[in-house]
Amino acid sequence: MRTRIAIAGGGLGGLTLARILHQHGIAAVVYDREASRSARPQGGALDLHPESGQLALAEAGLAGRFRSKARPDGEEHRILDPTGRTLVHHEPQPGSFSGRPEIDRSALRDLLLDSLPDDTVAWRHRLVAATPRPGEGWELTFQDGRRTSCDILIGADGARSVVRSLLVDVHLSYVATLVELNIEDVDQRHPDLAELVGPGNLWCVGVNQILAAQRLGDGSLRVGISLRAEDQPLDTYRSKQALLDVFAGWNPRLTALIEAAEGGPTPRLIETMPIGTRWASRPGVTLVGDAAHLMPPVGEGANQAMLDAAELASRLAANPADPNSAIRTYEESMFSRIHPIAEMSARVQAMMLSPTAADDIVRFFTRPTEPARAE
């Protein structure tokens, strides 16, 4: 395949796509805005689902490397109420990879980067515009003025995708506020919090608010506070004291997660695309991941981005003579697959920040239709 493929965005979707194309002998260049792979923190851990994220890694020939980096015990999940009472405690089978083992985003991204030729990722390339070339293909313009061209452009450039505007005009909806904090070396410095959180995830569920913590592979905790969308400016939540005020009356053993954090809180908006977003296929361009279907962060985003990448790569490899037909087939399949997942994600997001969240989440995690998740 001599078609020049450009992938905008070096996140998990873009890198998975580049890796599977490489497996098929198809070259692609990934243009990423960051200065290097270590330019910024990559966030917390992910639970990779067998039917999506793990499937994509298998098609990328990376299942073995994933198992060497993943933490099956990270699937342990504890749900508490504001008094500290345990509502749900899910413990996976020790050492089992049959469920949804956790892996740090940074470890997964490094795994993908290490599997690619050194010249695959072009760092310091923030895409700002793509314009059609006479005949076919795209002229790409980057923030520093550099330009290049490609035959196929794939937008893996996240929530505020530049490539998306070539296909569809959407309005993002603000659905929640997420505030993040970090606690380093928790076992040595805060053994009580290490015991509280355990090896996986902790959710402390109140009325319209959640205080959560997640164990990472480097021995740190990532603390996340989820609040309903409201008119408060984000800067309101840059103060630990402001956050402690939000959780006034909660068990001090839980709010110690806020007090122990190093540095200041980092708040951000959680936004989503309209459910059912589609577009008319356009030659030489398509989207994967958040660029295509931005959903609430309830466990599907990275998994579906990686599955998008696997499906698109396999279509392009199977039909190298007609990549536009491959793109159309991928898009129709992706639209059908994503619609119910986006609906489910929206329901879960609303449930988690509702006045009855604790009861609703307990029912969700203990319902009899998911016996495999209970033990």
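- Under the 3.5 Å distance criterion, with hydrogens and angles disregarded, no donor-acceptor pair is assigned to the side chains of Thr86 and Arg78.
- Contact record, Leu178 with Ser226: CD1-OG, 3.8 Å, taken as the closest heavy-atom pair.
- Of all heavy-atom pairs between Arg19 and Ala60, the closest is NE-O, 2.7 Å.
- Under the 4.5 Å side-chain heavy-atom criterion for Ile, Leu, Val, Met, Phe, Trp and Tyr, Leu166 and Leu172 are members of the same hydrophobic cluster.
- Residues Asn324 and Pro283 come closest through the heavy atom pair OD1-CA, 3.4 Å.
- One distance of note links OG of Ser106 with CG of Asp218; it measures 7.0 Å at 0.5 Å rounding.
- Side-chain contact check for Glu76 and His89: at least one donor-acceptor pair (N or O, by modelled atom type) lies under 3.5 Å.
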**Item:** Test log, rule side chain to side chain contact (heavy atoms under 4.5 Å, CB included), inputs Val128 and Val162
**Value:** CA-CA 7 Å; Val128 295; Val162 171; 5.8 Å; no
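- From Met352, atom CE reaches atom CG of Asn208 across 12.5 Å, with rounding to the nearest 0.5 Å.
- Under the 4.5 Å side-chain criterion, counting only non-hydrogen atoms from C-beta, Ile154 is not in contact with Leu287.
- Side chain of Ser220 to backbone of Leu216: no donor-acceptor contact under 3.5 angstrom is found.
- Distance alone, capped at 3.5 Å, places no donor-acceptor pair between the Ser52 side chain and the Leu48 backbone.
- Of the inter-residue distances, the one linking Tyr31 atom OH with Leu153 atom CG reads 10.0 Å to the nearest 0.5 angstrom.
- In the hydrophobic clustering of this structure, Leu127 groups with Trp123; members are Ile, Leu, Val, Met, Phe, Trp, Tyr whose side-chain heavy atoms approach within less than 4.5 Å, directly or through other members.
- Across all their heavy atoms, Pro297 and Gln349 have their closest contact at CD-OE1, 4.3 Å.
- Linking ILVMFWY side-chain heavy atoms closer than 4.5 Å, directly or via other members, places Met334 and Ile20 in two distinct hydrophobic clusters.
- Panel note: side chain Asp151, backbone Gly137; no donor-acceptor pair is recorded below 3.5 Å.
- Side-chain contact between Ile258 and Phe247: present, with at least one pair of heavy atoms (C-beta onward) separated by less than 4.5 Å.
- With hydrogens and angles ignored, the 3.5 Å screen pairs a side-chain donor or acceptor of Ser239 with a backbone N or O of Gln241.
- The side-chain heavy atoms of Thr16 and Leu62, taken from C-beta on, include no pair separated by under 4.5 Å.
- The pair Arg282-Glu331 does not meet the salt-bridge criterion, since no charged nitrogen lies less than 4.0 angstrom from a carboxylate oxygen.
- Considering only heavy atoms from C-beta on, Ile341 comes within 4.5 Å of Met295 through its side chain.
- Between Asp187 and Arg215 there is a salt bridge, since at least one side-chain N of the basic residue sits less than 4.0 Å from a carboxylate O of the acidic one.
- Salt bridge absent: Asp32 and Arg37 never bring a charged side-chain N and a carboxylate O closer than 4.0 Å.
- Under 4.0 Å is where a charged nitrogen must lie from a carboxylate oxygen, and between Glu180 and Arg268 at least one such pair does.
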**Item:** Check against side chain to side chain contact (heavy atoms under 4.5 Å, CB included), Arg105 and Leu108
**Value:** CA-CA 5 Å; Arg105 279 182 177 268; Leu108 180 55; 5.8 Å; no
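- Looking at heavy atoms from C-beta onward, Ile225 lies out of side-chain contact with Ile210 at the 4.5 angstrom threshold.
- Exactly one of Leu112, Leu111, Leu57 qualifies for a side chain to side chain contact (heavy atoms under 4.5 Å, CB included) with Arg65. That residue is Leu111.
- Using a 4.5 Å cut-off on side-chain heavy atoms (C-beta onward), His293 and Phe335 make no contact.
- Closest heavy-atom contact between Trp203 and Ala212: CD1-CB, 3.8 Å.
- Side chains of Val179 and Thr266 form no contact here, defined as non-hydrogen atoms less than 4.5 Å apart.
- Inspection of the Asp81 and Thr83 side chains reveals an N or O donor paired with an N or O acceptor under 3.5 Å.
- Side-chain atoms of Glu262 and Arg189, non-hydrogen and from C-beta on, do get closer than 4.5 Å to each other.
- Ionic pairing of Lys240 and Asp245 is not present here: no N-O contact between side-chain nitrogen and carboxylate oxygen is shorter than 4.0 angstrom.
- Across all non-hydrogen atoms, the minimal contact from Ala45 to Asp104 is CB-OD1, 3.8 Å.
- Atoms CZ and CZ, from Arg124 and Arg33 in turn, are 14.0 Å apart once rounded to the nearest 0.5 Å.
- Placement of Leu307 and Ile275 in two distinct hydrophobic clusters is found when ILVMFWY residues are connected by side-chain heavy-atom separations under 4.5 Å, directly or transitively.
- Distance check, rounded to the nearest 0.5 Å: CZ of Arg164 to CG of Leu294 gives 6.5 Å.
- A salt bridge is absent between Glu75 and Arg100; no separation between the charged side-chain nitrogens and carboxylate oxygens falls under 4.0 Å.
- Connection of Ile26 to Ile327 is established within a shared hydrophobic cluster, with ILVMFWY side chains joined at heavy-atom distances below 4.5 Å, either directly or through further cluster members.
- A distance of 6.5 Å separates OG of Ser314 from NE2 of His24, quoted to the nearest 0.5 Å.
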**Asked** Does the pair Val285 and Ile152 meet the rule for a side chain to side chain contact (heavy atoms under 4.5 Å, CB included), with working shown?
**Response** CA-CA 6 Å; Val285 60; Ile152 295 175; over 6 Å; no
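- Using modelled atom types, one side-chain atom of Asn303 and one backbone atom of Gly299 make a donor-acceptor pair closer than 3.5 Å.
- The only member of Leu211, Leu196, Leu221 that meets side chain to side chain contact (heavy atoms under 4.5 Å, CB included) when paired with Leu202 is Leu196.
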